[in-house]
Structure formats: C-alpha cells, structure tokens
Peer 1: 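Take this structure, written in structure tokens, and hold onto it; I'll ask about it next.
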Protein chains: 2
Amino acid sequence: MKSSNPIVDKILTAAKARMVRFGYHKVTMDEIAADLRMSKNTIYLHFPGKIAIAKALVARIKNRINDHQGEIENKEKDPLKIISLNILFLQQELAPWFEFFLKDIQLELPELWQEFVDFRTEKVMELEKLVDVGIKKGKFRQVNPTLAVRAYLGAVNNIINPEILQQEGITFQQALETVMDIWSKGIVKEGKK
Amino acid sequence: MKSSNPIVDKILTAAKARMVRFGYHKVTMDEIAADLRMSKNTIYLHFPGKIAIAKALVARIKNRINDHQGEIENKEKDPLKIISLNILFLQQELAPWFEFFLKDIQLELPELWQEFVDFRTEKVMELEKLVDVGIKKGKFRQVNPTLAVRAYLGAVNNIINPEILQQEGITFQQALETVMDIWSKGIVKEGKK
DNA sequence: CCTTATAATACTAATATAGTATTTTTGGTA
DNA sequence: TACCAAAAATACTATATTAGTATTATAAGG
C-alpha cells in the first residue's frame, strides 16, 4: 500500500469531511481551502482539478477497505460473528459515502460511481458466500442468501444513527447486538409460530 | 380530502417524476414545462415559484398516506401481517423521496425537510406501538420495538430494488415474504442456538 | 536583506437558471 | 373568413455560482 504525501492526505481528508455531508457538487474548492487554512493554489499544486479529488477519494476508500479485509476471518470462527463483523465494518466505511457524495457522483461522474458500486457489490457477494456456507453446513435455515445479507445490511444501516441511539439510550454496540439477535433468531417467540 | 385542479395535479406529477430521480435543485422549471409540453408561463400561472411546488409535493404525499391510513387495521387481525403491510406501504410511498429530493430539501428548504421527517417519525412510532402490543401479549420476544421496526424498515428498503429482484429471479411479493420470514423467525435453525 | 513557499486576495470566464416579457400558434365562434 | 381568447413557443434579463488562474502580501530561513 502506497503511503501518500501528507499534504495530499490532508486535502483529501478535508474534502471528504465536506463531501460526505453535502455531496460533491455543493462543495467548492474555496471551502476546502478555507477549512485547511490553505491557499486554493496549493490545492491545485497537488491536484489537477476537482474531479481528481473525487477520484482520489474513491481510490482511498477502496484501499482502506481492502487493507482491513481478511483480518476478521483469521480471528473469528463462528460464521455468525464473522458475518456480523464484516457487515459492521462495511457499513461503517461505505454507508456515509452513499448519502450525499455518491448521489452527486452518480449524475456527474457516472464512471466513477460505477466503480464504487462494483466494489461494493463485490464485497457484498463475499458476505453472501458466508451465509451460503452456513446453510450448507446446516447451521442456517434455507433462506435466500442474497436477500438475507441485503436485509441485514439495510437493518444495520437504518440503526447506525446517532439520533436513535441517543433516544433509546443505548450504545452503538448494543444496537448492533440487537439487530444481530433479531436477524439470527427472529422476533417471534418460539412455540408461538 | 380536497381534490385539486387537474392542471395543478399534472404539474405536480411531472415535477415529482423528475425530482424523485434527480433532486429538487437539479430539476429546472424548463424541464418540467417541456415534459408537460406546457409553457413555463402556464406553470407560473398556477404556482408562484419553484419553492411552492416543493411544498405542494410534500403536502400531497402526506395527504396520500393519511388517506390510506387505517384501512389495513380493519382488514387484518394478525399483528405480524398488520406490521408487514404497514411497513410495505410506508416504504413504497416514502422511500423514493429520501433518495434525492429530500437530500436537496434538507439543505435548501430545511423547514420543509423537518416537516417531512416529523411526519415519517410519527408513522414509524405507530408501528413501534404495534410491536410493543405484540410483546405485551406474549406473541413477540422481548426486543427493543424501536430497533426492531427500524431494522425491518431498513431491510425492506434494501430489498425493494428492481436489480436485485431481477437478479434473484423473484417477485417483489416473494422478496417481502422472505424479509418478513427472516424478521419473524431469524436465519438460525432451531435447536442450533 | 534576500529568497522561497505559501497564504490572501482578486479576477475571469463560463455556466446555469428562476422568473418575465414578447411573439406565435391554435382552436373555437360568429 | 375574420375575430378572439388562451396557451405554447421563444426570447430575454438579471443574478448567482464557482472552477481555475493571476497577482500581491506575508512570514520564515539563511
């Protein structure tokens, strides 16, 4: 993994901070420079333009996730735990980008958007394989792995939300355990089906 | 429920079609007029401006959902079924707006955004009460109703997706049944816990 | 006090678009 | 045919936005 120029890194970090919140289009080069207390010219010294920043951001997130990949599988043996940790990590890293940044990118830089989506699909498919293995081993019920993973992803996504956590007076970790609990055991009491 | 001018209705329908896909900001009055093969002046005859259209759209969706409210409860008795139908309807009606339109509105017309979010919260809370009743009656396990409903909403949201349905070769209805199945019974085989 | 790097500032040139004004077309009616 | 709305087509204005560049000011090191 190539470690990049620290200034380049600072620029990307500042760009990410804004673009994740407001989208690609609405963030101006002036704002990024102001955040960094850096001249706009200095930014143009390291990047040929705004588009290059978007591309670098996508490259960075892909690297980040790929770097962390595989660590979990070495430490955990329980397939439920492996799935849970993977989904947690994926959602934490990827979800923020979809909210605003990728909505803009989808319209303004469709090739880059496709690259991001393909990457995500690839990662999700790896999770589906894990569920599939669980089914084959007789540990899971005969559910559609794709739908099961998507359902879990959506559920986690909808609960990683500071507002709700605060409102419910629970920690992030507790919320995830609850979702995992529902996903694995369901909400219906046994014997009541 | 007041039935509005048919021209006003046409304008709103055209505006919705675009704004749901591209957001409020990116849709121009010229585009709406072109879609309708109608002069822009005619639009301005019925609406004082673009903002008024956004407000009317929000008002219309609220009316629509409120109108359909309650029908389900009269027809169904099984709480699981009631929850399922309610979540389905809510997600189908509301989810498309969040994708692009509300992202823009959140930044450009925050009061209107708040109105929409409050409305949604209100509806979700009604669902939580249903889960709560299920728990009190001993039909459901002792799960956090808020998280359970959010998890379900997120799961449904992540599966209402033409691409996935096609890829899996299943119908919309089948996908919903799967999600309901997982949500109620979990993915783990009984006796394997 | 000179030099270099970068911050601060100013500028340009292109683009977009809400809203209005004007002209043209159309379809109904006498 | 001639007239007359009403709405479509077209043109225009006025404003805002902002990527990218050029210029000037400032500060730190030698």
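Side chains are part of it too, since the values below use all heavy atoms of this structure and drop only hydrogens, waters and symmetry mates.
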Peer 1: Under 6.0 Å from the six-membered ring centre of Y24(B) and within 45° of its axis: does the NZ or CZ of K50(B) meet both?
Peer 2: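 Verdict for Y24(B): a cation-pi partner in K50(B).
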
Peer 1: Would you mind checking if K26(A) and D104(B) are paired as a salt bridge, meaning a charged N to carboxylate O distance below 4.0 Å?
Peer 2: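 K26(A) and D104(B): salt-bridged.
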
Peer 1: Please determine if D132(A) and K137(A) form a salt bridge, counting it only when a charged side-chain N lies under 4.0 Å from a carboxylate O.
Peer 2: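 Salt bridge flag = no for K137(A) with D132(A).
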
Peer 1: Scan nucleotides 23-26 of chain C against the protein and return all N/O pairs shorter than 3.5 Å with their distances rounded to 0.1 Å.
Peer 2:
none

Peer 1: Is it true that K62(A) and E115(A) make a salt bridge, defined as a side-chain N closer than 4.0 Å to a carboxylate O?
Peer 2: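 Salt bridge between K62(A) and E115(A), a charged N being under 4.0 Å from a carboxylate O: yes.
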
Peer 1: So if I take residues 35-57 of chain B and measure heavy-atom distances to DNA chain C, which residues fall below 4.0 Å?
Peer 2: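 By residue number: K40(B), N41(B), Y44(B), G49(B), K50(B).
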
Peer 1: Between F98(A) and K103(A), is there a cation-pi geometry (under 6.0 Å to ring centre, at most 45° from the normal)?
Peer 2: no

Peer 1: Honestly curious: do F47(A) and I51(A) fall in one hydrophobic cluster under the side-chain, below-4.5 Å linking rule?
Peer 2: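 F47(A) and I51(A): one cluster.
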
Peer 1: Expressed as a whole number of angstroms, how long is the span from D30(B):CG to dA8(D):C1'?
Peer 2: 13 Å

Peer 1: In whole angstrom, give the distance that lies between atom CD of E31(B) and atom C1' of dG19(C).
Peer 2: 16 Å

Peer 1: Is it true that a side-chain atom of Q166(B) and a backbone atom of E163(B) form a donor plus acceptor pair closer than 3.5 Å?
Peer 2: no

Peer 1: Could you state the atom-to-atom distance from CE of M29(B) to P of dA8(D) in whole Å?
Peer 2: 14 Å

Peer 1: Ignoring hydrogens and angles, tell me if any N or O in the side chain of D35(B) forms a donor-acceptor pair with the backbone of A14(B) under 3.5 Å.
Peer 2: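 Side chain of D35(B) to backbone of A14(B), a donor-acceptor pair under 3.5 Å: no, none is there.
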
Peer 1: For nucleotides 13-16 of chain D, tabulate all protein N/O to nucleotide N/O atom pairs closer than 3.5 Å, reporting atom names and distance.
Peer 2:
none

Peer 1: Measure the CZ-CD1 distance between R60(A) and I53(A) for me, rounded to the nearest 0.5 Å.
Peer 2: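 It comes to 11.0 Å.
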
Peer 1: Go through the side-chain N and O atoms of N86(A) and K81(A) and say whether any donor and acceptor fall under 3.5 Å apart.
Peer 2: no

